[in-house]
Amino acid sequence: MTQRRAVAAAIGAGSALLAFFAGEPSGLLVTIAVICICVGWKTGLAAIAAASLFSAVMLPAYGAENGAVRLLAFVAAALGLWLVVNIFRRMSFFDRVYRGAGPSIADIPGFGWSANADGRLRVLNAAALEYVGITVEEMREIMDADDSWWLRFVHPDDVETTVAKWRHSLQTGEPMIEEQRLRRVDGTYRWFRETGVASRDERGRIVGWYGHAEDIDDRRKAEAALRQSERELRLLVDTVPTMIWLMTPAGLPYYFNKRFVDWAGIDSTKVEPRGTRQFASHVELFHPDDRAAVKAVFQKSFARGEPLQHKGRLCRKDGEYRWIDSRFEPLRDEDGAILRWYGVNFDIDDEVRAQESLRLADERLARALRAASLSELSVSIAHELNQPLQAVVSNAGAFQRWLNTDPPNFDHASRVAQKIIKNADAAAQVISRIRALFSKTEGEPHAIDLNSVIREVCDLLGDGLASSSVKLDLQLDPHLPAVAADRVQMEQVVLNLVRNGIEAMQDVATSMRSLLIVSRHQNDGTVEVEVRDRGRGLSNPEMIFEAFYTTKPDGMGMGLAICRSIVEAHCGRLWAENVETGGASITFSLPISATHSANTPDAATVIAGLGAFRG
């Protein structure tokens, strides 16, 4: 560019000097032409203006005749020269940039082709000819005989679509982009992505078409295999016998599988776009008594990024609430960030109902067994007491008769009185042995962890807590020392206290049902376990430990009495009290250095003990 400007400056300066010395302004036209060609049209206009001023000064100075006319002729000639140079300069630029840079069909990678402006195919590159299996001469002969000869290589099912798109591009000049199957020389068809673009002249008129066909058969097969894999995966997800759902990292519902949609009756056409469905609308599916707890545990899990397992009642599309076991875990990337939440719902309603039916059956059986055992116990006690009491009655009659004789026989009466005392002592021994069966212990004590006992009992009663909508709060001393006791008996004590706490809250509102279990180490060398409910309290805290005292319509009143016997047999203490904020608290304490343990007495043990008195 610098050299061109230097040449233009030299030629322009030389022409200007010749025009000056010759006194002829027409010499400046050479300078104007050089500037227009080498520099540009804007600079050319500036040169015409400068040359016109120079001529206006030079012509009068040399005494030229008709100076004004010659000046106008010079300006007109200069403008005409500028216009011609500018036109040819643009044509040269178009030829150099567009026509000179036109594609070479032979150099196009893949299958290249070109067509006339009217759409008649005029040439294919060597790769395309080799694919369809024809030579250049054969192609020319076919072209002369048929303008649409190339359609014979297109799959019959794709001809109509291909022709329609090609005609649309010819009419509008828009690029043609089409996927079609082309027949190879061996008769097989492969998928190609064909692109055709119009070539235009400087006026924008289409002078031809250039195109390229890319083999995409392998890619389409891979895409088809991927779609098939996705269909199979979707089919698996939709047919697996469980309800699957996905959530965004923020915990918003994202996807429900077909089984979930069919089970819950979710209308997929009315569901908000993925990741925007409000979590509250999903919580509405849960039972009203469970919604607050479900929302709390879900949000807690989302905030911490921890897996969750939760049981609650979910509304089916028929309006029935069924028990569902929900489990979900996060999917994380390599940096630990949560990408998705994956959840599954198991319909466990039948299982829960079966367990409830089994529990009720167990309770009925237990009541029946208690009644039968109590009846057998009563018969056994009556039988064992009957003999000494009958002897007392008989000897008392004999005693009266010896005293009523005249004179009274005090010697015989004294001997009969001794028999009466002996028979009464026998009856007292029967009662003492029965009481001893409830107080004496058997076996050796073992060191146990009461916290472990409490957790095992809570796990055992987990379904009962959930079905009764009772919130469990454990405040266990992590440094609680072990105590020497019978583990089974301690489990029975804790189990009885927890069950009583659950049953005590059946008449209060669901939101108020809360059971607190506390274990603590006291400074007096004992450990305490407290079970506190939020029921209506106790009318008589001391009477509840009396045998056969109960406030339940179907209760026997033996549970807490047996618990006190077990605790006291372990040298411990059991007591109850009402809580100022509402509810009742039952607490038992055990010495850390206890050396006794007891077995829970039952009717069979009592009857077996009574057998020792027979004879």
Side-chain angles (χ1 to χ4, degrees), residues 300 438-462 464-465 470-505 512-535 537-538 540-546 559-601:
K300 180 179 178 181
F438 287 90
S439 60
K440 292 184 178 180
T441 60
E442 298 176 359
E444 294 294 329
H446 299 281
I448 65 170
D449 180 9
L450 285 179
N451 287 343
S452 175
V453 172
I454 294 171
R455 291 190 183 95
E456 289 180 3
V457 171
C458 292
D459 290 341
L460 180 64
L461 296 177
L465 290 166
V470 175
K471 179 182 177 182
L472 180 64
D473 185 10
L474 297 178
Q475 297 182 11
L476 307 181
D477 184 358
H479 304 294
L480 192 72
V483 296
D486 186 289
R487 186 180 185 89
V488 175
Q489 293 179 2
M490 290 299 104
E491 288 179 350
Q492 291 174 345
V493 172
V494 175
L495 182 67
N496 203 314
L497 299 184
V498 173
R499 277 181 172 172
N500 283 348
I502 295 174
E503 293 171 358
M505 294 184 288
M512 298 291 293
R513 297 177 185 176
S514 176
L515 190 68
L516 172 65
I517 302 178
V518 181
S519 67
R520 48 184 171 258
H521 180 202
Q522 298 293 77
N523 295 329
D524 59 354
T526 63
V527 296
E528 288 185 359
V529 175
E530 178 186 3
V531 179
R532 181 183 298 182
D533 61 63
R534 299 187 66 181
L538 302 171
N540 193 335
E542 284 300 320
M543 285 293 296
I544 63 174
F545 299 107
E546 297 294 331
L560 291 177
I562 294 175
C563 288
R564 170 170 275 185
S565 298
I566 293 174
V567 172
E568 290 179 351
H570 286 80
C571 303
R573 190 166 65 95
L574 178 66
W575 70 94
E577 57 187 3
N578 287 317
V579 182
E580 294 181 356
T581 57
S585 169
I586 300 180
T587 308
F588 70 88
S589 65
L590 295 174
I592 298 175
S593 59
T595 58
H596 298 85
S597 64
N599 291 322
T600 301

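Since we're looking at a predicted model, the values are computed, not measured. Numbers here are sequence positions counted from 1.
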Trainee: Which heavy atom of Cys458 sits nearest a heavy atom of Leu465, and at what distance?
Mentor: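 Minimum heavy-atom contact is O-CD1, 4.3 Å.
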
Trainee: Mind checking the CG-CD spacing from Asp449 to Glu456? Nearest 0.5 Å is all I need.
Mentor: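 The CG atom of Asp449 sits 9.5 Å away from the CD atom of Glu456.
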
Trainee: Measuring from atom CD1 of Ile517 to atom CG of Asp533, what distance do you get when rounded to the nearest 0.5 angstrom?
Mentor: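 Result: 11.0 Å between the selected atoms.
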
Trainee: Output the distance between atom NE2 (His479) and atom NE2 (His521), rounded to the nearest 0.5 Å.
Mentor: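 So the NE2 of His479 and the NE2 of His521 are separated by 12.0 Å.
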
Trainee: Counting only N and O atoms by type, is there a donor-acceptor contact under 3.5 Å from the side chain of His446 to the main-chain atoms of Val483?
Mentor: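 Here the side-chain-to-backbone pair does not exist.
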
Trainee: Is the shortest distance from a Lys or Arg side-chain nitrogen in Arg487 or Glu491 to a carboxylate oxygen in the other one below 4.0 Å?
Mentor: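 Yes, this pair counts.
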
Trainee: To the nearest 0.5 angstrom, please state how far the CZ atom of Arg564 sits from the CZ atom of Phe588.
Mentor: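 Nearest 0.5 Å value for the CZ-CZ distance: 13.5 Å.
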
Trainee: Using modelled atom types only, decide if a donor and an acceptor are shared between the side chain of Ser519 and the backbone of Asp477 within a distance under 3.5 Å.
Mentor: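 Side chain of Ser519 to backbone of Asp477, a donor-acceptor pair under 3.5 Å: yes, one is there.
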
Trainee: Determine the sole option in Arg532, Glu577, Glu530 for which the side-chain hydrogen bond (donor to acceptor under 3.5 Å, both in side chains) test with Ser585 is passed.
Mentor: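 For Ser585, the side-chain hydrogen bond (donor to acceptor under 3.5 Å, both in side chains) test succeeds with only one of Arg532, Glu577, Glu530, which is Glu530.
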
Trainee: Drop me the distance from Leu495's CG to Arg499's CZ, to the nearest 0.5 angstrom.
Mentor: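 Answer for the CG-CZ pair, Leu495 versus Arg499, is 4.5 Å.
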
Trainee: Under 3.5 Å, is there a donor-acceptor pair between the side chain of Arg573 and the main chain of Ser589?
Mentor: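 Answer holds: no.
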
Trainee: How many angstroms lie between CG in Leu515 and CG in Leu472, if you round to the nearest 0.5 Å?
Mentor: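 With rounding to 0.5 Å, CG (Leu515) is 6.0 Å from CG (Leu472).
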
